[in-house]
Amino acid sequence: MATEAAVASTGGVVDHASEAWKMVGGSAPRPFLEDEHLAFRDSARRYLEREVAPHEARWIAQGIVDREAFTRAGAAGFLGLSVPEAYGGAGIDDFRFNALFGEEAARTRSVAFASGLMLHNDVALPYLISFCDDEQKQRWLPGCVSGETLLGIAMTEPGTGSDLQAIATTAVRDGDHYVVIGAKTFITNGINADLIITAVKTDAGLSLLGIERGTPGFERGRKLEKLGMHGQDTAELFFNDARVPVENLIGDEGGAFLYLVQKLAQERLAVSMNAIAGAEVALGLTIDYVRERKAFGRTIGAFQNTRFKLAELKTEVHIGRLFVDWSLQQHVTGDLTVEHAAMGKFWTTDLYCKVADEGLQLHGGYGYMQEYPICTHYADSRITKIFAGSNEIMKEIVGRGMGLG
Ligand SMILES: Cc1cc2nc3c(=O)[nH]c(=O)nc-3n(C[C@H](O)[C@H](O)[C@H](O)COP(=O)(O)OP(=O)(O)OC[C@H]3O[C@@H](n4cnc5c(N)ncnc54)[C@H](O)[C@@H]3O)c2cc1C
């Protein structure tokens, strides 16, 4: 449950000019970014500072981002950049823009809003762009760009998460409809989403259905209380004989497993990008803190233990940043492998959790207080090792890539 203190903790933004920020590499040259990317980064930062960060505390307290925030982001041009012009988008399929948006969200502490937006832009939307037919694209994509149609993606069920083949939600053809029976859980944007890409079992195997707000028999359950990510509406969904028109089948019946394999690498890269940006910010906050706080007549930063810890973390964060930037460039040219996406996902999320934990330790008791942002990093980072494929599953992928089992 978010507390008053959690609300207070979201005030203020990370100063890009701060020495700590430069020290963790935030100002390092990145030659693969062109002028248009840097201009986009500046406008994303201004937008987040002005329109998002001031509201985050309230969204955290209420456990959900105001739905209108996404429509406003659509009007400002931050949704569906990659949607082709024929369907109302900018037709810019360049993941460097998505990466920069995520980095600015971490720095401006706009994470509740940005996690919903990134689920929409980076995770769900690519399925519609790649696998919908023209009629579906005409029907759904313009709303995805304007923000009138916010997306969710529902794979996980109460009885299965990692093992997608065990999905039990069924969709049985009945004339012009599928009748869907089952339940999903832990769904990001679960309350706010208008269109949910839902994995179901059909006669032909695992399939994807677009299930819209207002579908008879589709109900939303609880908005779940979490350890962190308090502003994000993570929810249960129920399908009780939900009648979904056959025109809402995405791609082919039985094709979903292949579609998921194609798109999960991008989702995992997005998680790595956010994790390394979160680690950079958490490290910068810690450096700032240990330079000020004193014990035994010296700053905490003057103790050798602190210097060694921060030296190790800075080194790992720098290595992680180089790997993520390399992965991003591979992705832009269509060369990011499933194994490299999995390596980045488990390594950077482990690192983010480590930086948040060590950073909290160096804050002493204050680190445990929600009014200190390192506390939010500690709680928010924890889920990154679990979602988008748990880190154990990532290691399975890397292991199998070596021909082991
Ligand atoms: C905040 C949040 C947001 C989420 N958002 C979404 C969303 O938008 N859409 C969605 O569909 N899901 C979402 N999820 C669900 C998330 O993807 C699952 O929780 C995750 O895939 C793990 O599944 P599970 O929880 O069922 O754990 P399980 O699959 O039951 O796994 C439990 C443990 O066993 C381990 N394990 C499982 N299989 C193996 C194996 N073969 N080898 C070794 N270890 C194994 C796992 O790594 C884990 O440690 C979200 C979850 C959270 C908490």
Side-chain angles (χ1 to χ4, degrees), residues 2 59-60 63-65 111-127 150-169 182-201 206-211 220-239 250 256-257 259-261 263-264 266-268 270-271 274-275 278 341-342 345-346 349-350 352-353 376 378-401 404-405:
W59 293 335
I60 288 170
I64 186 167
V65 172
V111 171
F113 166 78
S115 56
L117 177 136
M118 293 166 83
L119 188 286
H120 174 94
N121 273 345
D122 304 353
V123 179
L125 194 53
Y127 288 90
L150 184 70
L151 300 175
I153 186 154
M155 294 183 260
T156 307
E157 301 187 348
T160 191
S162 304
D163 182 5
L164 285 178
Q165 299 283 14
I167 278 177
T169 299
K184 299 285 177 182
T185 195
F186 306 150
I187 306 309
T188 302
N189 292 343
I191 303 293
N192 270 336
D194 306 283
L195 174 65
I196 299 178
I197 301 168
T198 309
V200 293
K201 274 264 166 73
L206 203 63
S207 306
L208 297 179
L209 288 180
I211 302 189
R220 304 181 201 240
R222 285 181 302 148
K223 179 158 62 62
L224 300 162
E225 301 286 347
K226 305 185 292 293
L227 170 70
M229 303 289 288
H230 294 297
Q232 177 52 244
D233 54 321
T234 309
E236 299 171 314
L237 309 176
F238 298 106
F239 307 102
I250 296 168
F257 209 78
Y259 303 155
L260 292 168
V261 171
K263 296 297 176 195
L264 281 173
Q266 174 166 303
E267 177 175 354
R268 288 165 186 160
V271 173
N274 294 336
K345 197 273 175 182
F346 87 71
T349 57
D350 279 352
Y352 183 23
C353 289
T376 311
Y378 181 79
D380 286 358
S381 60
R382 190 60 184 84
I383 184 53
T384 63
K385 297 207 273 191
I386 297 169
F387 64 17
S390 72
N391 285 6
E392 291 74 25
I393 297 296
M394 296 304 100
K395 289 172 194 174
E396 279 292 322
I397 292 171
V398 178
R400 279 200 300 269
L404 307 174

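In listed order, ligands and their atoms are each counted from 1. Nothing here was measured: the structure is a model prediction, and the numbers come from that model. Note that these values count all heavy atoms, side chains included, but never hydrogens, waters or copies made by symmetry.
Counting only heavy atoms from C-beta outward, the side chains of Met155 and Leu260 approach each other to under 4.5 Å. Between Val398 and Phe346 the shortest side-chain heavy-atom distance falls below 4.5 Å.
Distance screen at 4.0 Å: atom 15 (C) of ligand 1 has a protein heavy-atom neighbour inside the cut-off. Protein non-hydrogen atoms do not reach within 4.0 Å of atom 30 (O) of ligand 1. Within a 4.0 Å radius of atom 35 (C) of ligand 1, the protein has no heavy atom.
The shortest N/O to N/O separation between Gly161 and ligand 1 falls below 3.5 Å. Here's the thing with Thr234: none of its N/O atoms is less than 3.5 angstrom from an N/O atom of ligand 1. Polar contact with ligand 1: present for Met155 (N/O pair, distance under 3.5 Å). Considering backbone and side-chain N/O of Ile153, one or more are found under 3.5 Å from N/O of ligand 1.
Using a 3.5 Å distance cut-off with no hydrogens or angles, the side chains of Thr349 and Asn391 do pair a donor with an acceptor.
The residue from Ile187, Thr188, Ile383, Ile386 that puts a heavy atom closest to atom 53 (C) of ligand 1 is Ile383. Residue Glu392 holds the heavy atom nearest to atom 44 (N) of ligand 1 of all those in Glu392, Met229, Lys395. The option with the heavy atom closest to atom 37 (C) of ligand 1, from among Ala199, Gly190, Ser162, is Ser162.
Near Ser390, meaning under 4.0 Å from any of its heavy atoms, are these atoms of ligand 1: 46 (C), 47 (O). Residue Ile393 has at least one heavy-atom neighbour below 4.0 Å for each of these atoms of ligand 1: 38 (N), 39 (C), 40 (C), 41 (N).
Between Ile196 and Thr198, the closest heavy-atom pair is O-OG1, 3.0 Å. Of all the heavy atoms in Ala388 and Met394, the pair that sits closest is O-CE, 3.9 Å.
Judged as a salt bridge (Lys or Arg N to Asp or Glu O under 4.0 Å), and not counting sequence neighbours, the contacts of Glu157 are Lys184.
Looking from atom 25 (O) of ligand 1 to the surrounding protein, the closest heavy atom is Phe186 CE1, 3.9 Å. The shortest contact between atom 10 (C) of ligand 1 and any protein heavy atom is with Thr156 OG1, 3.3 Å.
In summary, of the residues considered (Thr188, Val111, Thr234), a side-chain contact (heavy atoms from CB on, under 4.5 Å) with Met229 occurs for Val111 alone. Under the side-chain contact (heavy atoms from CB on, under 4.5 Å) rule, Leu119 has a single partner from Leu125, Asn189, Ile187, Leu150, which is Asn189.
Between the side chain of Asp122 and the main chain of Ala270, no donor-acceptor pair closer than 3.5 Å is present.
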